[in-house]
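Remember, it's a predicted structure, so these values are computed and weren't measured experimentally.
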Amino acid sequence: MSEDRQATLGGGAVEDGEPMTDDFGEELDENGTKGGYNRYDVSSLLQKAVRRSDEECAAWAAWELTRSGHAWNLWDRLALYVVEDLRAGEEIVLLIERYEELATEFWDTDSWEGRLCGIHAALAAARAPSTREATYANGYFEQVAAERAAAREEGREPKYDFPVGDLEPGGKHDVIFDQHTYEGKKMDRGGRYFTVHGARVGPNGETTVGERWRRRALELEEREYSDEELDHALAPVDPDDRWTEPDVSSTESESEAEADDADTN
């Protein structure tokens, strides 16, 4: 997003030597808008409109900010909204960034094209699925961290714990201890273990072409795998039991350190 934080016309700036005025002919103060509003209020409206998927209010707020010389405020706020109010994984962040690039680098932010870019960006944000899950996750994990520390100090079990527990070998997430961790190396879990257990994806599994490439690549390796190992390595993770890894028959021992260096995390 743009680093420019300078209002183009608002806040007492001048256009053709004349102070900028609102729709009623009165000179704009630093935080005023042409419609007679305060930019902080309009900015707050924009965020709530995005959050509540109110397209019309979002579009108006973007228009009001940009025509009033506060385009920088619009783009600054939208940069926050895409991480605070929209669902993770939405490509809308790239679209909004592109609209800002057009408005600030291809056109002028106070031009009619710049205003359209702002409206488009606000509409895109309002139409995207809204959620505050990242904000809630951040707050929740911070509170859990404090609770865990207090519980240890008081010699009791915490009311809530991190979803990973203590991350110990033999626990729920035992599969993470492979050649890429100190504990995994001590357990002699080399490239074979990582390939068969640690590299699995889920819940949909590999794509058809991805599975074909991976299976053929494994068949060409110097290390040999049983059919059971190959099938398990490419089997999708169970969405109802993502971390359990059953024993799978092997054609060789795990002590293959010389071949493990070629494997990646």
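Across I92 and A125, no two heavy atoms sit closer than the pair CG1-N, 4.3 Å. Here the closest heavy-atom approach between residue C57 and residue A49 is recorded as CB-CB, 3.9 Å. The nearest pair of heavy atoms linking E64 to G35 is OE2-N, 2.6 Å. Of all non-hydrogen atoms in P203 and R242, the two that sit nearest each other are CD-NH1, 4.3 Å. Shortest non-hydrogen contact noted between S53 and A128 is OG-O, 4.4 Å. Contact record, L28 with K34: CD2-N, 4.1 Å, taken as the closest heavy-atom pair.
Taking the side chain as every heavy atom from C-beta outward, L86 and Y81 never approach each other to under 4.5 Å. Side-chain contact between P246 and H232 is present, with at least one heavy-atom pair separated by less than 4.5 Å.
Using a 4.0 Å cut-off between charged nitrogen and carboxylate oxygen, R127 and E55 count as a salt-bridge pair. Ionic pairing of D85 and R77 is not present here: no N-O contact between side-chain nitrogen and carboxylate oxygen is shorter than 4.0 angstrom.
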Practice problem: Could you walk me through whether R215 and D231 pass the salt bridge (charged side-chain N to carboxylate O under 4.0 Å, His left out) test, one step at a time? | Solution: CA-CA 9 Å; R215 185 179 292 272; D231 289 342; 3.4 Å; yes
Self-check item: Trace of the side-chain contact (heavy atoms from CB on, under 4.5 Å) decision for E100 with L78
Solution: CA-CA 10 Å; E100 180 184 7; L78 285 175; over 6 Å; no
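Other residues, nucleotides and ligands contribute over 12 non-hydrogen atoms within 6.0 Å of the CZ atom of R132. Enclosure of atom CZ in R216 is not indicated, since only 12 or fewer non-hydrogen atoms of other residues, nucleotides or ligands lie within 6.0 angstrom. Heavy atoms from other residues, nucleotides or ligands lying under 6.0 Å from NZ of K159 number 12 at most. By the neighbour-count criterion of 12 heavy atoms within 6.0 Å, atom CZ of R152 is sparsely surrounded, having that number or fewer from other residues, nucleotides or ligands. Under a cut-off of 6.0 angstrom, the local environment of CD in E153 is sparse, with at most 12 non-hydrogen atoms contributed by other residues, nucleotides or ligands.
Partner E229 forms a side chain to side chain contact (heavy atoms under 4.5 Å, CB included) with one of L234, V248, T195 and no other, that one being V248. The ring pair (Phe, Tyr, Trp, His ring centres under 6.0 Å) with Y37 is formed by just one residue from the set W63, W60, F24; it is W60. Checked options E183, K186, K185, E168; the residue passing with F177 is E183 (criterion: side chain to side chain contact (heavy atoms under 4.5 Å, CB included)).
Connection of L80 to L74 is established within a shared hydrophobic cluster, with ILVMFWY side chains joined at heavy-atom distances below 4.5 Å, either directly or through further cluster members. Tracing side-chain contacts under 4.5 Å through hydrophobic residues (I, L, V, M, F, W, Y), one never reaches F106 starting from W72; they form parts of separate clusters.
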Identify every side-chain donor-acceptor pair in residues 135-143 under 3.5 Å, counting partners at least two apart or on other chains, and give the distances.
none

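Cation-pi geometry between R192 and Y225 is met: the NZ or CZ atom falls under 6.0 Å from the ring centre, inside 45° of the normal.
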